[in-house]
Amino acid sequence: MSSLLSAELSATCNALGTYDKRTGKYLIDDFTLNTVKDLIRYLRRDGEDHEIRRHFGQTKVLQTDLLPMLIDHWKHTDLFDVTLRLLVNLTNPALLLYHEEVPVERTARHNYLQILSHLQSYKEEAFTKVETWNVFAKKLAKILEIDWSERDEDTGLIIERILILIRNVLHVPADLDREKRPENDASVHDQVLWALNQSGILDILLYMSSENEKQYFMHIIEIISHLLREQNPTSLADAALQRSVDEKLRDEQELLSIRMAENKNKLNKIKQYSATRHSRFGGTYVVQNMKSISDNELICLKPLNKISNINFNGSKKSKLVKPKNRRPVESGILERRSAFAIRLFLKEFCIEFLNSSYNPLMHYVKDVLVRAKAQQNDESYYLWAVKFFMEFNRGHNFQVGLVSETMSVPMFHYVQQQMEKYYDMIKVEKKKFATWVRRLHLALRAYKELLNTLLAMEKSSDSTVKESAKVLKSNIFYVLEYREFILSTFLNYDENKMPRSYLVDLVETVHLFLKMLEHYCKKTGLVVQKKVRKKTKSKKKKSNKSQSQKTKNPEPEIPPWEEIRAQLAAVLSSGTEHLAAPFDAASDVPIDQQKEDCMKNIQKLMRSHKFEDVVGMFRAAREVWPEEGIFGVNGIPEDEELEMLETIYNTDLGVENNDVVDENDTQENSDYDEEDEEEEEKSTTIVETDFNFQDFVSRFCHPRIVSACVYLLEGYDKNLPHTNHCIVKMLHRIAWDCQRPSMMFQATLFLTFQRILENPLEQFKEMEKFAIFILRKFTEVAAKNNKVFIELLFWKNSKDANEVQHGYDLYIDQKDKPGRGAWSEEQEEELRRLYMENQTNPETNQDVIDWILENLIDQTRTRRGVISKLKELGLIFKAPTKRSNKEMAKGRVPKEFSEEEDQQLRDLWDECKEIDDPMSVIISRMPKKRQKRSYVDRLLQLGIIQDKKECRKKRQKKSKVKSSGTDDDKSNADSSDQSDNEDDKRSSPKPIKRKAPNKAPKKYRESAKNNKKINVPQLSANEIAKLLVEAVDSGLTDGLKWLAENLEEVALDQEAEGYDPTAEGVPLVPISSESVEAMENKFFQQILKGIGVVPPSDEQETFWRIQSSLHFKTIRKRREIIMKAVHKEIILTDIPTANDVEQSQSMKSVEQSGNDESSDDDDLFNNLRKLRENVETPTRTNKSVNNDIVRRKRSRSVDPDERGKKAKMQKIDEYEELSLDRNDDDDDILSFAKKTLEQEEFPDTEDILKDLPTANSDDSAKEDEEDIVLPAKPANKKRRAVIDDDSD
């Protein structure tokens, strides 16, 4: 600090006034008020080093000027207000000045310690006087005489500042090195408490903790926590006018143990130096019969009376000591026994607080904490108050009603929630973990006290209290999370972050919980919640499983209506609030389905006895659907409502009685996971089962728990007897109850046992018995296993302990047996060899996993195990087939465009932007196939186009006069375009086929149910072909082209984004005039229905939609058929009338109404029969009426790999087929379809068409395929449509 600033501060302090020793009063002048304001301004300008604050502390301006001035002139309102502000500022806690972090830097830490010493001097010299607190008591009493509703804002600020000043003074920590006060003596903190009590401040605090001063409750609970922080609630509750017998006995035992320890140390020193010379006479000694490193005798530099006292560690370094900054910080809980008079009035204060203020104050504070209106660390004061006052209540005339606010199941949940939050913050804020560990310790002590109070309630003589304790215990032990929390808390202990006192409370808490749980299970039995992972096999095994489950797990019986009628009638008469409307206008679920779901929910709620929700939902549904009267009409009497609810209750709506919550596993991108889901699907559900206490205790057989108990047992002589009992009991449960004594075979624990056995005392009798038991077990195991001495150096889990005790070749779990879960090196090599053989063998087309399972030596392997092992060995393929593996090698198209693609896209746009459909040409010429939307977006990003409309297909004027020449030109042009597209399709990689999962998720099934409601007429291929030809002749060519273009865009989008049958259908939005006219044509609408486009389902939809359940391959097949009709490749001789088409549609719709689950290909081509002859030209037809027609045999369109493996189709003599009856023809076709359906993969439409023989084209003679000569059909046979397929 500069000399100028120091002089200015000193002058300002001297200008405050002077103390008159003769009169004993402090004299002030007219400038004193402004001088105090100047001191406040100086503190505002204080820097990070706080030099001004430290200067005020050194000059002791608070003790010599401020407080004497306040005592003599407290009636001066303005001066009192300003001086109070200055006092609050000067007494601020040092941690708050440094943002709740003790500084590490040397200068900053020195300044921090100096400020802390000034605060301690303030507390000792100024605030231990009763006169000081009398002033604040008078001021508070005068203000509190005014009703809280009539006080102004300034008055409320004065009350708050006085409370903050009391908090600041009590917050100052004690200086133990300087005070050196023994127990039962008055420390500085005790002197402050005595002054507060004598001045009446404590009585004022009790008065303010009433209902009318709720705004100060947070300050009051913080003051009380600092007020009683050094007190032990149990000893405080036992305080009386005379010392109790227990207190005297405890003091005598402590004194006796100290004297015995002192005498023992003296005896050890005497024995050590008896019969030996003192160390003043040095020299060199030789140990006889003991050689050193050389051949000479061992040299010793000091005399020894026992050879065992020889020590070779003299020259070694000392034991490694952990640095202070890495040691766990103690929680700061310092408990001492105050002076007798202090304890008496503190006991009276606690009794009064419990009787009058505890429940309302804790209720308000809990509400503030839950609503997050308090500061960050205020919950620590709440948790401390719970622990302190509930323990005090147990020690002094236990009454549950005094602490009923904090003795409930929600309180257990709140404390557990806070502890889980603190665990997370310890992991997140690694540098500030000490603060969160301290709060975690407070929460643990509160949880421990809740359990102790619950135990005291169980031991109460009052039957109602016992019953309440039983209800609380059943609720806590029933829920899975409460039981798992105790185990996880023990396992999360970290000795590097958490202090030893935390471990003491943790062990005692776990001991108490296990003791209560064991007693409850033995006395009444316990049914608890348990999470079960259900495994649902594939569809092949589902039918057998469902039948067995029906027999094993019958549904619970539904209670009769008469049992719930009276309660439901009472709820109807009382009236309830309406729930939210059970109708969602934005949902895709139809209105009728929502009504049905609402009815099911009402029935489910009635069977669950939630009658208020039943009435609320029933009346809300009536307001949504009033016109139909399903849920009644407005103003309906209650008896009619009851009758309608009875009808709903007794109707079988398909509602399951036992609701099971399924958690569907999320599907990952890996095909390994798809295989796993096909094999079995897992779901987690909560069921009720009988609790097995021994199984629960066996989960504590963990090396971390054993190591924590052993670490705590090392200081057994400093622990309380109860703590030692809890430790030994925990280890006894593991060693004896769980049959794991080998987990105790640890060198550290054996050293502790050695110390216990060397110094036998009465209070350590229990530990002696346990040590003898473990040592005997160790000798038994050592006789059979000579490696047990090495095992002393390692912590062991349950499996290791069994191996130590029973043999290292022991396998406890079935999954650990060889050949089941474990793979040897030979088995891994065999699996690798089989995989490579399958991948390199071209004749093997079987599934990879099935083939490996058949050829493995170990036939007990499962499909899941083989897939997991292949993944572990790095033998990764996209799907378990060789064909898909090859397709995967081609790679996927990246989302980003390369520079070469961008340049090629620019050149193609400049070349094709003037044509009618530029995007179709650009897509066909680009090297990598993407969806149209990707190319349009890229053109916009590159700035080549300004609007997406530039990429649309340009409109063509519809010509009224059609000439044969133009039609031929169009057909030739379209056929050429189609041939180009087909060439591109051959060159592009085919999409990978994925196997559909055996069991669709729930939302898929719901969408399938919704799709079933749309009754679309199903037409045969012959009828659709005739309709398409008639549409072309009727001038709907442009409409069909528009439809085909939309189908191709939908297929491209679905191929790029993935097949999702639950997605919403793609609407057909007509924009051009041709498409609008086509959509208004009823004949065109019949074509749409025939190919699978559905009309609007209700009044909320406007456009026709392409169903999302159609696969993109199926969409492309139907688009090709439309384009063949447009190109006039379908030749017809008999065209049906419109009436015939309508009749056929109605007949097909009636036939298909009962079979809605057929596939998309079956919808169009299930009724396909033989096709008639294809006549190429009229002249050739006339010449070859009586001649044989040469037909080229077609083969199925299969992959190139399969084409070499499948046997060629046999030649078909159609002359013999034509000589048969028509029924025989139909049977042959049906048998052909049946054989096709029995294939591994169902044939598509194009495959069926290719398999059927058709007429040869002009260049059929050039083909290498084998020809079959057939006679012409008889004249009486019915002619049929021929769909010529030139895809080969």
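Numbers here simply count residues along the sequence, with the first being 1.
Taking each heavy atom of Tyr358 and Leu402 in turn, the nearest pair found is CD2-O, 3.3 Å. The minimum heavy-atom distance linking Ser225 with Trp384 is given by the pair CA-CZ3, 3.4 Å. Of all non-hydrogen atoms in Ile115 and Ala94, the two that sit nearest each other are CG2-CB, 4.2 Å. Nearest heavy atoms, Met411 versus Thr406: CG-O, 3.1 Å. Smallest separation of non-hydrogen atoms from Ala195 and Phe127: CB-O, 4.3 Å. Here the closest heavy-atom approach between residue Lys123 and residue Val188 is recorded as CG-CG1, 4.1 Å.
Here the straight-line distance linking atom CG of Leu444 with atom OH of Tyr422 works out to 12.0 Å at 0.5 Å rounding. Here CH2 of Trp194 is found 11.5 Å from OG of Ser199. Values are rounded to the nearest 0.5 Å. With rounding to the nearest 0.5 Å, the separation of OG1 in Thr453 from NZ in Lys387 is 11.0 Å. Rounding to the nearest 0.5 Å places CG of Leu62 at 12.0 Å from NE2 of His118. Here the straight-line distance linking atom OG of Ser404 with atom CG of Asn359 works out to 4.0 Å at 0.5 Å rounding. Distance check: Leu354 CG to Phe389 CZ gives 6.0 Å after rounding to the nearest 0.5 Å.
Asp203 places no side-chain N or O within 3.5 Å of a backbone atom of Gly200 that could act as its donor or acceptor partner. Between the side chain of Asn92 and the main chain of Asn168, no donor-acceptor pair closer than 3.5 Å is present. Side-chain atoms of Asp367 never come within 3.5 Å of backbone atoms of His363 as a donor-acceptor pair (strictly under, hydrogens ignored). No donor-acceptor pair closer than 3.5 Å links the side chain of Arg445 to the backbone N or O of Leu383. Here the side chain of Arg438 pairs no donor or acceptor atom with the backbone of Ser380 at under 3.5 angstrom.
Legend: residues meeting ring pair (Phe, Tyr, Trp, His ring centres under 6.0 Å) with Phe56, ordered by chain and number and at least two apart, are absent. With sequence neighbours excluded, the residues forming a ring pair (Phe, Tyr, Trp, His ring centres under 6.0 Å) with Phe412 are Tyr447, listed by chain and number. Contacts of Glu222 classified as side-chain hydrogen bond (donor to acceptor under 3.5 Å, both in side chains), with partners at least two apart in sequence or in another chain: Arg167, Tyr381. Residues satisfying the salt bridge (Lys or Arg N to Asp or Glu O under 4.0 Å) test with Arg483, not counting sequence neighbours, are none. Under the salt bridge (Lys or Arg N to Asp or Glu O under 4.0 Å) criterion, Lys473 pairs with Glu458, not counting sequence neighbours. Remark: Asp81 engages Arg161 in a salt bridge (Lys or Arg N to Asp or Glu O under 4.0 Å) (not counting sequence neighbours). Annotation: side-chain hydrogen bond (donor to acceptor under 3.5 Å, both in side chains) contacts of Thr155 (sequence neighbours excluded): Asp152. Legend: residues meeting ring pair (Phe, Tyr, Trp, His ring centres under 6.0 Å) with Phe217, ordered by chain and number and at least two apart, are Tyr364. In terms of the salt bridge (Lys or Arg N to Asp or Glu O under 4.0 Å) criterion, Arg85 has no residue partners (sequence neighbours excluded). The side chain to side chain contact (heavy atoms under 4.5 Å, CB included) check on Ile351 picks up Lys347, Asn355, Phe392, His396, with sequence neighbours excluded.
Within a 6.0 Å radius of NZ in Lys366, more than 12 heavy atoms belonging to other residues, nucleotides or ligands are found. Surrounding OH of Tyr478 are more than 12 heavy atoms belonging to other residues, nucleotides or ligands, all under 6.0 Å away. Counting heavy atoms of neighbouring residues, nucleotides and ligands inside a 6.0 Å radius, atom NE2 of His226 exceeds 12 of them. Summarising the local packing, NE2 of His519 is surrounded by 12 or fewer heavy atoms from other residues, nucleotides or ligands at distances under 6.0 Å.
Looking only at side-chain heavy atoms (C-beta outward), Gln418 and Arg439 stay at 4.5 Å or farther from each other. Under the 4.5 Å side-chain criterion, counting only non-hydrogen atoms from C-beta, Leu346 is in contact with Leu228. Between Glu391 and Asn232, the closest side-chain pair of non-hydrogen atoms falls below 4.5 Å. Residues Phe490 and Phe485 fail the side-chain proximity criterion, which asks for heavy atoms closer than 4.5 Å. The side-chain heavy atoms of Leu67 and Glu131, taken from C-beta on, include no pair separated by under 4.5 Å. Counting only heavy atoms from C-beta outward, the side chains of Leu97 and Arg53 approach each other to under 4.5 Å. Within the 4.5 Å cutoff, no side-chain heavy atoms of Thr132 are placed close to those of Leu70. No side-chain heavy atom of Glu484 sits under 4.5 Å from any side-chain heavy atom of Glu481.
Checked by atom type, the side-chain pair Thr464/Asp462 shows a donor-acceptor distance below 3.5 Å. Side-chain N/O atoms of Glu467 and Ser463 include no donor and acceptor closer than 3.5 Å. Side-chain atoms of Gln231 and Ser338 include a donor-acceptor pair closer than 3.5 Å.
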Legend entry - CA sep, side-chain torsions, deciding dist, call: Asn197, Ile342, side chain to side chain contact (heavy atoms under 4.5 Å, CB included): CA-CA 9 Å; Asn197 181 56; Ile342 303 294; over 6 Å; no

Inset, instruction - Would you sort out whether Tyr382 and Val386 count as a side chain to side chain contact (heavy atoms under 4.5 Å, CB included), showing the intermediate values? - result: CA-CA 6 Å; Tyr382 177 77; Val386 170; 4.1 Å; yes

Inset, instruction - Give the C-alpha distance, both sets of side-chain angles, the deciding distance and a yes or no for side chain to side chain contact (heavy atoms under 4.5 Å, CB included) between Leu503 and Met498. - result: CA-CA 8 Å; Leu503 181 58; Met498 300 170 186; over 6 Å; no

Inset, instruction - Determine, stepwise, if the pair Val172 / Val192 fulfils side chain to side chain contact (heavy atoms under 4.5 Å, CB included). - result: CA-CA 11 Å; Val172 178; Val192 174; over 6 Å; no

Indicate every side-chain donor-acceptor pair of residues 424-433 with a distance under 3.5 Å to a residue at least two apart or in another chain.
unit_1 : atom_1 : unit_2 : atom_2 : d
Glu429 : OE1    : Trp436 : NE1    : 2.9
Lys432 : NZ     : Glu101 : OE2    : 3.2

Quiz: residues 139-148 side-chain donor-acceptor pairs under 3.5 angstrom, not counting sequence neighbours:
unit_1 : atom_1 : unit_2 : atom_2 : d
Asp147 : OD2    : Ser149 : N      : 3.2
Asp147 : OD2    : Ser149 : OG     : 2.4

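Between Glu160 and Arg151 there is no salt bridge, since none of the side-chain N atoms of the basic residue sits less than 4.0 Å from a carboxylate O of the acidic one.
Ring geometry for Phe136 versus Trp133: interplanar angle of 30 to 60°, hence tilted.
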